[in-house]
2 protein chains.
Amino acid sequence: MKSMASTSDKILDIAQSLIVAGGYNGFSYADIADAIGIRKASIHHHFPAKAELVAVLVDRYTKQAAAGLQSLREQAASPADQLQLYIDYWRSCIENASQPFCVCAMLASEMQMLPDEVALRVRTHFRNLAAWLTSVLRAGVEQGLFRLDKRPDEQAQMLMASVHGAMLSARALGDPGLFMAIVAPEIARLRDT
Amino acid sequence: MKSMASTSDKILDIAQSLIVAGGYNGFSYADIADAIGIRKASIHHHFPAKAELVAVLVDRYTKQAAAGLQSLREQAASPADQLQLYIDYWRSCIENASQPFCVCAMLASEMQMLPDEVALRVRTHFRNLAAWLTSVLRAGVEQGLFRLDKRPDEQAQMLMASVHGAMLSARALGDPGLFMAIVAPEIARLRDT
DNA sequence: CGGGACCTTCCTACTAGTAGGTAGACAACA
DNA sequence: TGTTGTCTACCTACTAGTAGGAAGGTCCCG
C-alpha cells in the first residue's frame, strides 16, 4: 500500500509539475485545487500566498537535490560514476517525461520577475549544484580520472550550462534523445583515458 | 532624426522585452498599453489575439536572426570569426542588459503550454540556429580551422546548448560575466591550433 | 474641384472569466 | 477546549477579448 502523502505535500507535488510545465505564472491555485480535488481556499490554509508556496517548494527541492547528490557521492565508487549517475537521473526524467525539466532551471529563466524570496532560493540551488559538480570534478582529477582544460569550478559551470541547455534543446525540438546526445560527449571529454 | 517606428512595431518591441523578462504568461495587453501610452483595445486592433501577437513576434525574431547570421557569414572572414561575432553579440546583449536572453530560449522553456502556432515557430528558430552553427563548423573543418570530436551537427547542438545554458546561469547567478566564462572555453576547444 | 465610400487607427465602455486572497462556519480530533 | 483542515461564499483586481464609434486619411467618381 502506498504511503499517504499529506495534503501540503500533494499541493507541492502538483505545483512542481505545473511549474516544470509552465513556470511561475503558468499555474494558479485553481489548477492545483482541481488536480487534487479540494477547494482553492484549502490551499491558502496551507500556503497563504503563492510566493510562499513556491519558496517552500524550492526549499524542498533544494533539500531533496542536496540529499540525492550526497547519496550519489556515497554509493558511487568513482567520481566518473557519480557524474554518470547524475546525468542518468535526468535522462530517465526526460525520457519518461515525468519531470522533464529542472524546476529551478525553469524558474531561473523567469528570475527577473520572481518574488525575491523565490529568486534567492533558486540562486542557492544553482550555487549548490555548481559546488557539487566542482567537488566531483576535483576528486576525479585527484584520482587521475579526469583531465580538465580549466579549473574545476570553471569546468563545473560549463557542465551545468550544458545540462540545462540540453534540457532546453530537448524540449524545444521535442526530441528527448537530444539530451544525452549533447551531455554524453561533454562528460566523455572530461575523461583522461 | 530617428526613424519613426510604427505602432505595431512598438507593440512587438515592448512585448519582446516583456517576454524576455517573464515569458508568455509574464505580460498582458495592459502592460504593453501602459508602456507605449495607448489603450488595450488598440493593441487588439493590430493583434486580435495574444497567441497571434507572439506568433508574429517570433516570426519577426526568426527573420531578424536569420538575416543577422547571414550577414555574419558574409562580413566575417573565417568561420572562427563568424562564431566569435555570434557569441560577442550575446555577450554585449547580456552585459548591457538590453535583451539579456534569447526570446526563443525563453519561450522554449514554456513549450509545453504554448499555443501551437507559437510552439511551431519557436522550434523553427532552434532548427535554423542549429543549421547555421552546423554549416559554420563544417566550413571551419574544411578550412582546417576546427578539429571536432563529433559530427558538425552534433557539435552544433552541443554548442547551442552551451550558449543557452550559459545565458541561464548568468541570469540565475546574477553574473553577466559568467556567460563568456562558459562559452569562450567552449569555442576555444573547437580550434585546431 | 467636390463629395461620398472606404480604410486605418485609436478611443471609451463593456463583457465573461480568472487571478490571488479573505471571512466565517463546520466538523474531526487531541 | 482549542487546534487543524476543510468548506461555502465572497472580494477586488486583472485577464483576454468585443462592441461601437470618432477622427482622419485615401481613392475614385462625377
Side-chain angles (χ1 to χ4, degrees), chain A residues 3-58 60 103 106-107 110 112-119 121, chain B residues 3-58 60 103 106-107 110 112-119 121:
Chain A
S3 70
M4 243 192 310
S6 72
T7 301
S8 60
D9 279 341
K10 279 193 258 182
I11 292 169
L12 292 174
D13 290 343
I14 296 291
Q16 184 164 325
S17 69
L18 291 172
I19 290 174
V20 165
Y24 187 87
N25 291 308
F27 77 102
S28 72
Y29 273 40
D31 295 330
I32 301 173
D34 289 349
I36 65 181
I38 56 173
R39 305 290 128 179
K40 267 195 330 165
S42 306
I43 302 174
H44 281 285
H45 168 72
H46 296 278
F47 306 100
K50 189 180 186 183
E52 189 180 320
L53 190 162
V54 178
V56 171
L57 184 155
V58 175
R60 187 184 72 150
V103 68
M106 193 72 202
L107 292 170
E110 307 175 290
Q112 299 199 350
M113 52 120 281
L114 248 31
D116 286 354
E117 50 197 313
V118 177
R121 286 168 169 83
Chain B
S3 71
M4 242 194 309
S6 72
T7 300
S8 59
D9 280 340
K10 278 193 259 181
I11 292 169
L12 293 174
D13 290 344
I14 295 291
Q16 184 163 326
S17 69
L18 291 172
I19 289 174
V20 166
Y24 186 86
N25 291 308
F27 77 101
S28 72
Y29 273 41
D31 294 331
I32 301 174
D34 289 349
I36 66 180
I38 58 174
R39 302 292 127 179
K40 258 189 352 154
S42 306
I43 301 174
H44 280 285
H45 166 72
H46 295 279
F47 306 100
K50 191 180 185 181
E52 189 179 320
L53 189 162
V54 178
V56 170
L57 184 156
V58 176
R60 187 184 73 151
V103 68
M106 194 71 201
L107 291 171
E110 305 176 290
Q112 301 199 350
M113 50 120 281
L114 249 32
D116 286 354
E117 50 197 313
V118 177
R121 287 168 168 82

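In what follows, every chain begins at residue 1, and chains take the letters A, B, ... in the order their sequences are listed. In what follows, every heavy atom counts, from backbone to side chain, and hydrogens, waters and symmetry copies are set aside.
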**Asked** Just by modelled atom types, is the B:Tyr24 backbone N or O under 3.5 Å from a matching donor or acceptor in the B:Glu110 side chain?
**Response** yes

**Message:** With a 3.5 Å distance limit and no angle check, can you tell me whether B:Tyr29 reaches the backbone of B:Arg39 through a side-chain donor-acceptor pair?
**Reply:** no

**Message:** Going by the rule side-chain contact (heavy atoms from CB on, under 4.5 Å), which residues pair with A:Ala41 if we only count those two or more places apart in sequence or in a different chain?
**Reply:**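 Testing A:Ala41 for side-chain contact (heavy atoms from CB on, under 4.5 Å), a comparison that skips the adjacent residues, returns none.
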
**Message:** Rounded to whole Å, how long is the line connecting atom NE2 of B:His45 with atom C1' of C:dC10?
**Reply:** 8 Å

**Interatomic distance, A:Ile36 CD1 vs D:dG5 C1' [rounded to whole Å]** =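 So the two atoms are 12 Å apart, to the nearest Å.
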
**Phosphate contact (D:dT6 OP1 or OP2) by A:Thr7 side-chain N/O below 4.0 Å** = yes

**Message:** Less than 4.5 Å apart, side chain to side chain, heavy atoms only: is that true for A:Arg121 and A:Leu107?
**Reply:** no

**Message:** For nucleotides 13-30 of chain C, give me one character per nucleotide, 5' to 3': B if any protein heavy atom sits under 4.0 Å from the base, S if the only such contacts are to the sugar-phosphate, - if neither.
**Reply:** ------SBBBB-------

**Greater than 12 external heavy atoms within 6.0 Å of A:Arg60's CZ** = yes

